[in-house]
Student: 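Got a structure for you, written out below as structure tokens; questions coming shortly.
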2 protein chains.
Amino acid sequence: MDKALSAVMAEGLSFSGQEKFERSGVMQISSRFTIAIHIFACIDTFGKDHKVTSEFLASSICVNPVIIRRILGQLKAAGLIHVQRGSGGASIARPLNEITFLDVYRAVECVGAEGLFHFHKHPSDKCPVGRNIHHVLDGRLDQIQGAMEREMEKITMDDVIRDTQHYIKGETENAALNEA
Amino acid sequence: MDKALSAVMAEGLSFSGQEKFERSGVMQISSRFTIAIHIFACIDTFGKDHKVTSEFLASSICVNPVIIRRILGQLKAAGLIHVQRGSGGASIARPLNEITFLDVYRAVECVGAEGLFHFHKHPSDKCPVGRNIHHVLDGRLDQIQGAMEREMEKITMDDVIRDTQHYIKGETENAALNEA
DNA sequence: GCTTAATGTAACTATTTTTATTACATTCAA
DNA sequence: TTGAATGTAATAAAAATAGTTACATTAAGC
């Protein structure tokens with residue numbers, strides 16, 4: 001080890017004595033994401049024949065209607081859906097193949113400005129490793145998050161909804177067979 | 001809409017009436033991951049000249065020593081490090097280029113069996129969309145998580161530690177210049 | 001215009017998860 | 001045998017997410 005590091009170590013083998021740290025940021029991939037996709041599938045499935053309200057969606061997804069309204073609000077703010085204020089009901093605002101998982105993911109704020117990884121906030125600046133760990137890691141964490149987001153861009157609501165209708169069709173055909 | 005769906009809808013435009021739901025699973029990418037990588041960098045930087053104890057690591061990372069010990073325990077269980085019980089101190093158990101981010105990520109259990117995404121647990125089984133949403137989504141969520149994990153496999157502790165030493169060297173060279 | 005049904009949101013509570021802390025038995029080396 | 005360190009249980013504190021209640025606002029139909 002060189003002299004500078006040795007000097008640090010000699011100070012008592014400890015870098016302690018920093019102030020307490022606050023934390024912040026979104027750290028998890030919220031169920032808002034899967035709920036949002038569920039919402040799209042419901043609007044597509046039922047929207048032609050029925051008004052799709054937050055109450056209705058809540059009963060399919062089994063969460064509180066206010067949760068649904070908040071997510072609807074976020075999807076609306078991102079320009080992905082329309083929501084009819086007084087009379088009620090939601091509809092999809094864009095062609096399904098132009099809405100990617102990443103669009104939805106970002107709309108519902110599963111990832112904040114701090115990124116996907118929760119970094120221990122205040123490594124010691126008295127330690128040479130602590131001082132530099134952010135420089136070393138930040139770019140690589142971004143790289144990983146980027147890989148994930150690129151994969152999310154490959155999947156669209158069209159894919160999901162095609163599969164959904166396929167499964168539903170399978171169900172009703174089975175039911176018809178059982179009746180016969 | 002076909003007859004089966006219409007029948008469902010006619011029941012009152014709602015799929016309500018299911019039991020309450022429990023939740024489970026790891027939902028976030030814990031700071032254990034960045035802490036673990038920080039630990040490797042510290043062992044590499046200081047391990048040759050000093051005993052690297054949980055107390056020492058805690059003072060560089062600025063978290064409680066018990067948190068460090070738990071993470072050391074997980075890294076040890078995964079065969080990535082050795083920890084000396086009575087006398088103290090940790091060391092790295094494998095060549096640095098054979099320890100990937102994914103190894104570390106899995107060792108510290110950032111992702112549980114349920115996967116990275118938090119799925120709303122009990123969509124209504126009275127709703128055709130609710131009944132099938134898991135079939136539709138599970139595979140695609142795995143696909144996204146897989147992309148992330150493949151990227152994590154590309155990065156090794158060797159990369160991180162080379163960068164760390166590079167930054168530290170830069171610091172000490174700067175300091176030398178300032179003294180001159 | 002009045003009524004009705006729905007959205008938009010604020011305020012608050014509850015639940016869950018994560019992180020921190022205290023305490024102590026266990027271990028190993030000198 | 002002593003001392004310094006790990007391993008871990010039990011618990012507390014903090015943070016984040018989700019759930020709930022309440023109500024003002026909005027739009028459509030009568």
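We name chains A, B, ... by the order of the sequence lines, and we start the count at 1 in each one. As the structure is a computational prediction, the values presented were derived from the model and not from experiment.
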Student: What's the CD1-P distance between Ile39(B) and dT6(D), to the nearest Å?
Tutor: 11 Å

Student: Counting side-chain heavy atoms from C-beta on, which of dT19(C), dA6(C), dC28(C) comes nearest to Gln84(B)?
Tutor: dC28(C)

Student: Quick one: Ile68(B) CD1 to dT8(D) P, roughly how many Å, whole number?
Tutor: 16 Å

Student: Between Arg70(A) and Ile35(B), name the one whose nearest nucleotide on DNA chain C is closer to the 5' end.
Tutor: Arg70(A)

Student: Between Gly86(A) and Pro65(A), name the one whose nearest nucleotide on DNA chain D is closer to the 5' end.
Tutor: Pro65(A)

Student: Under 4.0 Å between a side-chain N/O of His120(A) and OP1 or OP2 of dT19(C), yes or no?
Tutor: no

Student: Is Ser87(A) near enough to dG29(D) that one of its side-chain N or O atoms lies under 4.0 angstrom from OP1 or OP2?
Tutor: no

Student: Would you kindly say whether His82(A) and Ser91(A) are connected by a side-chain donor-acceptor distance under 3.5 Å?
Tutor: no

Student: Tell me: NE2 of His38(A) to C1' of dA18(D), nearest whole Å?
Tutor: 17 Å

Student: Does a nitrogen or oxygen in the side chain of Ser54(A) sit under 4.0 Å from OP1 or OP2 of dT7(C)?
Tutor: yes

Student: Using 4.0 Å as the upper bound for N to carboxylate O, is an ion pair formed by Asp159(A) and Arg162(A)?
Tutor: yes

Student: Side chain of Lys51(A): nearest nucleotide among dT7(C), dA20(C), dA5(C)?
Tutor: dA5(C)

Student: For Leu72(A) and dA6(C), what is the distance between atoms CG and P respectively, to the nearest whole Å?
Tutor: 14 Å

Student: For the pair Lys51(B) (side chain) and Ser87(B) (backbone), establish whether a donor and an acceptor sit closer than 3.5 Å, ignoring hydrogens and angles.
Tutor: yes

Student: Distance check needed: dA18(D) C1' versus Phe33(A) CZ, whole Å only.
Tutor: 18 Å

Student: Just the rounded figure in Å: distance from C1' of dT18(C) to CZ of Phe119(A).
Tutor: 18 Å

Student: Among dA22(D), dA27(D), dG19(D), which is the nearest nucleotide to the side chain of Val63(A)?
Tutor: dG19(D)

Student: Are OP1 or OP2 of dT19(C) and a side-chain N or O of His118(A) less than 4.0 angstrom apart?
Tutor: yes

Student: Side chain of Ser31(B): nearest nucleotide among dT19(C), dA29(C), dA27(D)?
Tutor: dT19(C)

Student: Does NE2 belonging to His166(B) count more than 12 external heavy atoms closer than 6.0 Å?
Tutor: no

Student: Rounded to whole Å, please give me the gap between CD1 in Ile81(B) and C1' in dT6(D).
Tutor: 12 Å

Student: So what does Val66(B) touch, heavy atoms closer than 4.0 Å: a base, only the sugar-phosphate, or nothing?
Tutor: base

Student: Measure from the side-chain heavy atoms of Val83(A) and tell me the nearest of dG7(D), dA28(D), dG8(C).
Tutor: dG8(C)

Student: So, does Asn64(B) get its side chain near the phosphate of dT21(C), meaning an N or O under 4.0 Å from OP1 or OP2?
Tutor: yes

Student: So does Leu57(A) get a backbone contact from the side chain of Ser60(A), meaning a donor-acceptor N/O pair under 3.5 Å?
Tutor: no

Student: Strictly below 4.0 Å: does Ser30(A) bring a side-chain N or O up to OP1 or OP2 of dA18(D)?
Tutor: yes

Student: Taking the six-membered ring for Trp, are the ring centroids of His134(B) and Phe119(B) within less than 6.0 Å of each other?
Tutor: yes

Student: With nearest nucleotide decided by heavy atoms, which residue, Ile67(A) or Arg85(B), maps closer to the 5′ end of DNA chain D?
Tutor: Arg85(B)

Student: Round to a whole Å and report the spacing from CZ of Arg69(A) to C1' of dT21(D).
Tutor: 11 Å

